[in-house]
Amino acid sequence: SSDLAAARKVIDENNARFTKAHVTGDGKLIDSMFTKDARSLPPESEPVIGLAAISKLTAQYLAAGVSEFTEVTTDFYGNENLLIDQGDYVMVYGKEKTKEKGKYLNVWKKEDGVWKIYTNIWNTNAPAAPVK
C-alpha cells in the first residue's frame with residue numbers, strides 16, 4: 001500500500017542515518033533512534049534491555065572504530081503499529097579493518113510520533129568457530 005511505501009522511505013532514511021552515525025561515531029544520534037524500552041539482541045551475548053544499556057553497547061561498538069557500515073533491506077512489512085526491516089549488512093571495523101558480513105532484523109515502533117527501533121538483532125554470516 002502507499003502507507004507502507006511511505007513508511008519504507010522513512011525507514012530507509014533512518015537506516016542511512018544509523019549507519020552513517022556508526023562511521024562518524026555519533027553515539028547520541030544512534031541512541032536517539034531507539035525507543036525508551038528498546039531491546040538489542042547482539043550476537044553471542046545476553047539481550048540488552050533499555051536505552052541506558054543499549055547506549056553502553058553502542059559505545060563499545062564505536063570504540064572499536066567503525067570505518068564502513070552499510071545495510072540493504074531485503075524484506076519490509078508491517079502496519080501502522082510495527083514495521084519489520086530485514087536485510088543484509090557489511091561492517092568494517094578495528095585497526096585490522098575486519099570486514100563482517102551478516103544479516104539483521106529491526107522492529108520499528110512509533111514513539112511520540114517518530115519511528116524508532118524497538119528491537120534489533122544481527123549476526124554474522126561467518127561460520128561458527130569449531131568447538132575445542
Side-chain angles (χ1 to χ4, degrees):
S1 76
S2 62
D3 287 346
L4 194 57
R8 167 77 186 261
K9 185 174 189 251
V10 169
I11 299 308
D12 285 347
E13 291 168 359
N14 284 349
N15 283 341
R17 290 173 46 233
F18 184 78
T19 56
K20 182 179 179 182
H22 278 80
V23 174
T24 62
D26 192 343
K28 287 185 181 185
L29 177 61
I30 295 166
D31 291 347
S32 75
M33 298 184 75
F34 285 89
T35 63
K36 293 177 188 96
D37 60 345
R39 65 246 9 242
S40 187
L41 308 171
E44 301 176 24
S45 177
E46 295 294 318
V48 178
I49 309 295
L51 195 49
I54 289 172
S55 182
K56 288 179 185 176
L57 178 68
T58 297
Q60 291 172 350
Y61 273 86
L62 294 180
V66 178
S67 56
E68 294 177 41
F69 186 18
T70 57
E71 292 180 331
V72 176
T73 299
T74 58
D75 203 6
F76 186 82
Y77 51 95
N79 56 41
E80 66 276 358
N81 299 313
L82 295 173
L83 296 171
I84 310 302
D85 168 31
Q86 178 181 330
D88 298 314
Y89 73 89
V90 176
M91 181 181 278
V92 177
Y93 58 89
K95 292 177 184 170
E96 306 81 22
K97 300 291 183 198
T98 301
K99 186 173 188 175
E100 179 178 307
K101 293 181 181 183
K103 59 259 177 214
Y104 72 90
L105 188 132
N106 288 326
V107 178
W108 296 82
K109 179 172 86 169
K110 276 196 176 173
E111 183 176 82
D112 300 323
V114 178
W115 286 108
K116 295 189 175 192
I117 300 169
Y118 174 59
T119 304
N120 78 328
I121 184 170
W122 71 97
N123 55 66
T124 179
N125 292 341
V131 177
K132 294 182 180 185

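The structure displayed is predicted, hence computed values, not measured ones. Positions are given from 1 along the sequence.
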Can you tell whether the side chains of Lys36 and Asp112 come within less than 4.0 Å, N to carboxylate O?
yes

Between Asn15 and Tyr104, the two heavy atoms sitting closest are ND2-OH, 3.9 Å

Can the ring centroids of Trp122 and Tyr61 be said to lie less than 6.0 angstrom from one another?
yes

A side-chain contact here means heavy atoms from C-beta on lying under 4.5 Å apart; do Lys103 and Thr74 qualify?
no

Got a donor-acceptor contact below 3.5 angstrom from the Thr124 side chain to the Lys101 backbone?
yes

Given side chains that start at C-beta, do those of Val66 and Met91 come closer than 4.5 Å, heavy atoms only?
yes

Tightest non-hydrogen contact, residues Asn120 and Ser40, listed as OD1-OG, 2.8 Å

If we only count heavy atoms from C-beta on, is the Ile11 to Trp115 side-chain gap below 4.5 Å?
yes

Would you call Phe34 and Glu111 a side-chain contact if the rule is heavy atoms closer than 4.5 Å?
no

Any chance you could measure Lys56, atom NZ, to Ile54, atom CD1, to the nearest 0.5 Å?
12.5 Å

Following the transitive rule for hydrophobic clusters with a side-chain heavy-atom cut-off under 4.5 Å over Ile, Leu, Val, Met, Phe, Trp and Tyr, establish whether Phe69 and Leu105 coincide in one cluster.
no

Within the distance-only criterion (no hydrogens, no angle test), does the side chain of Ser55 pair as donor or acceptor with the backbone N or O of Leu51 below 3.5 angstrom?
no

Assess whether side-chain hydrogen bond (donor to acceptor under 3.5 Å, both in side chains) is satisfied between Lys110 and Asn81, documenting all intermediate values.
CA-CA 7 Å; Lys110 276 196 176 173; Asn81 299 313; over 6 Å; no

Under a single-linkage definition using a 4.5 Å side-chain heavy-atom cutoff for Ile, Leu, Val, Met, Phe, Trp and Tyr, are Leu57 and Leu41 assigned to the same hydrophobic cluster?
no

Using the rule that two of Ile, Leu, Val, Met, Phe, Trp, Tyr join whenever any of their side-chain heavy atoms come within less than 4.5 Å, decide whether Ile30 and Val114 are in one cluster.
no

Can you measure from CZ (Arg39) to CD1 (Ile121) and round to the nearest 0.5 angstrom?
12.5 Å

Considering non-hydrogen atoms only, spot the tightest contact between Leu29 and Arg17 and give its length.
CD1-NH2, 3.3 Å

Can you hop from Leu83 to Val10 via hydrophobic side chains spaced under 4.5 Å?
yes

Shared hydrophobic cluster for Ile117 and Ile84 (ILVMFWY, side-chain gaps under 4.5 Å):
no

Rounded to the nearest 0.5 Å, what's the gap from CG on Asn14 to CE on Met33? Could you check?
4.0 Å

Calculate, to the nearest 0.5 Å, the distance between atoms OG1 and OH belonging to Thr70 and Tyr89 respectively.
10.5 Å

